[in-house]
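Whatever order the structure lists them in is the order used to number ligands and atoms, beginning at 1.
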Amino acid sequence: MRIKNLTEYNKEKEKFKISPEKFWAEKADTFTWHKKWDEILNWDFHKANINWFSGGKLNITENCLDRHLSSIGDQTAIKWIANDPNEKNIDITYIELHQKVCQFSNVLKSKGIKKGDRICLYMPMVPELAVAVLACARIGAIHSVVFAGFSAKSLSDRINDASCKALITADGGFRGSKITPLKEIANEALANSPSIDFCIVLKRTNSKIEMVKNRDFWWDEEIKKSSTNCPAESMDAEDKLFILYTSGSTGKPKGIVHSTAGYMIYAQYSFENVFQYNEGDIYWCTADIGWITGHSYIIYGPLLSGATTVMFEGVPTYPDAGRFWEIVEKNNINIFYTAPTAIRSLEAMGNDYVRKYNLNSLKVLGTVGEPINEDAWNWYFKEIGGNTAPIVDTWWQTETGGIMISNLAGINKAKATFATLPLPGIEACVVDENGEEMKKNNIEGKLCIKFPWPSIARTIYGDHQRFINTYFSAFPGKYFSGDGCYKNKDGLFRITGRVDDVLIVSGHNLGTAEIESAIDEHENVCESAIVGYPHQIKGNGVFAYVICHHKPKDEKTINTEINNLITRHVGPIAKVDKFLYVEGLPKTRSGKIMRRILRKIASKEYSNLGDTSTLLDPNVVENIILESKK
Ligand code: WTA
């Protein structure tokens, strides 16, 4: 089914135009179903109700695993690479992965987990994380993976939001030279998470940890008792497959819900086409499974396509900045997918780390998570891809489930800093302030999508109204991404960044409200405002404007104290890079902080602050500028 050339690409676009339903039904037909659907699509963007393949019955793990067993059962499904280069890597074949998933499914079942129950996964990047994800899906439990860099509070907030019944974790996780004390953090979280019945703990670091009797069980011991045979639960096409939290402009993180069939179809379709996956290719996505990229393009997309997916436990700079390239050479990686922040930080370490290794196996390079600047793009293309491997700059979101805007590797042309064109089947558009579609080229506006695609999120867990408000209210009848977009004279899309209060730092989404509320916990802080500023490696750095009750005696101390609070409440990824202590914040008469102005000042752009006429007290801005220039 893969689109193999430009003629086929154009044909697919044409097919979609004639009948979107038929277009997607043809893709759906290639999967294993227990029962085919009654209706292809039923949707209403005003109410944010979207149903794909209603009435259909299936299980996604049969499509990831069982259907491959007779053809490629002995092929490696997961190639796991340990943090420590001296530790042995593990290759898991499709047959073995199937057995492991069934075994863990039986563990969950034996502890009373049933279809529809929510299970939280807080784990390092080890094969058992993929096994646990798939085991949930096999028995119809809804997985909610929480990135292992999050704090105890973030973990318990997420567990509580979805009333998870079980937590799967590990004693600890290796990341570079550090050990993350996962079980210790989990214990703290579980003290505030009453919905959890039990906790399964994988031994990874052999750290000394506290196990709570009758609540905590060792992974290995439970597995030993379980059979490797577990029939897959028959799921409705629209049954929830997983929840994944993402930061919002305001308030608490949103539990984005994905459904079974639509997500499956789109994850596979986008994987195979964007990366031009060929049978036998070794594919490596460096993301963490705690993010959507790991869900769709480490686990589901590649396994649905029968690929060998590489899973790396460590970090790009351990033991040195050549680690990625060493892995590429040793494992003959053909397709490599990473984030601009990693590219920039490795570029900054110099080319000696790259040139030590033979990277000729690389055929396709991908990037995701934030805009990639031209310099980083050129370095990636030249130094990593040897001026031949095409780069796919893939724009998408947790909410879209899969890649929406990207060239297909080697099929339509790449252009530095442009995600280029929507995939066949995706109707993206750019709208002006009034929501009018800007149909011409060479325009800039906000990025929307006009027509549902199979893997669009279905709701925010427990709060459908917030789902409507966030994505379907700004421009009624359209899905609003929250991103700005420029369309050049040839109609190519360049994503210009968030237009709301979400900050993308090193490719991670951070909500300004979450960070501010952590800062406001400090006893000397009365108010704060967070904005991003251009940062060479991280894309955006975190800039905090802080108002204190009393002028801090020693700024270094309070900076550290505030960052400790952020680490505790959100996680270390959200730490502030630059602080500015101010006496007031620019607010509109209705009390809204004008972040636009704060963003400019943080970037040291003191002129052209734009319209300040709606400010309650324009003097505040003058004072902040004075403070910033000190
Ligand atoms: C940003 C990650 C520019 C964007 C898959 C989006 C990008 C947010 C790109 C979603 C890209 C993602 N170019 N910006 N290629 N890819 N973004 O939910 O602002 O973690 O809205 O999903 O990342 O981040 P999320």
Under a 4.0 angstrom heavy-atom cut-off, which atoms of ligand 1 come close to [X]?
X: Asp393; answer: 11 (C), 13 (N), 15 (N)
X: Pro371; answer: 3 (C), 13 (N), 14 (N)
X: Thr293; answer: 5 (C)
X: Val368; answer: 5 (C)
X: Thr394; answer: 9 (C), 11 (C), 15 (N), 16 (N)
X: Ile504; answer: 1 (C), 8 (C), 19 (O), 23 (O)

Is the Lys NZ or Arg CZ of Lys254 less than 6.0 Å from the centre of Tyr245's six-membered ring, within 45° of the axis?
no

Is the Lys NZ or Arg CZ of Lys240 less than 6.0 Å from the centre of Phe242's six-membered ring, within 45° of the axis?
no

Nearest protein heavy atom with distance in Å, relative to [atom]:
atom: atom 24 (O) of ligand 1; result: Asn509 OD1, 3.2 Å
atom: atom 25 (P) of ligand 1; result: Thr398 OG1, 3.5 Å
atom: atom 10 (C) of ligand 1; result: Trp396 O, 3.6 Å
atom: atom 6 (C) of ligand 1; result: Asp483 OD2, 3.1 Å
atom: atom 13 (N) of ligand 1; result: Glu370 O, 3.4 Å

Under 3.5 Å, side chain of Ser481 to main-chain N/O of Asp483, donor-acceptor pair present?
yes

Note: [X]-[Y] ion pair, threshold 4.0 Å (strictly below):
X: Arg595; Y: Glu516; answer: yes
X: Lys252; Y: Glu514; answer: no
X: Arg599; Y: Glu605; answer: no
X: Glu399; Y: Arg458; answer: no
X: Glu427; Y: Lys478; answer: no
X: Lys450; Y: Glu437; answer: yes

Do you know which of Ile411, Leu408, Asn278 makes side chain to side chain contact (heavy atoms under 4.5 Å, CB included) with Arg2?
Asn278

Judging by distance only, is a nitrogen or oxygen of Ser481 under 3.5 angstrom from one on ligand 1?
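There is no such contact.
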
Which of these, Gly369, Cys485, Ala287, Gly484, has its nearest heavy atom closest to atom 16 (N) of ligand 1?
Gly369

Below 4.0 Å from any atom of ligand 1, is there a heavy atom belonging to Trp291?
no

Of the backbone atoms (N, CA, C, O) and the side-chain heavy atoms from C-beta on, which set of Ile495 has a member under 4.0 Å from an atom of ligand 1: side chain, backbone, both, or neither?
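Looking at Ile495 and ligand 1, just side chain atoms fall under 4.0 Å.
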
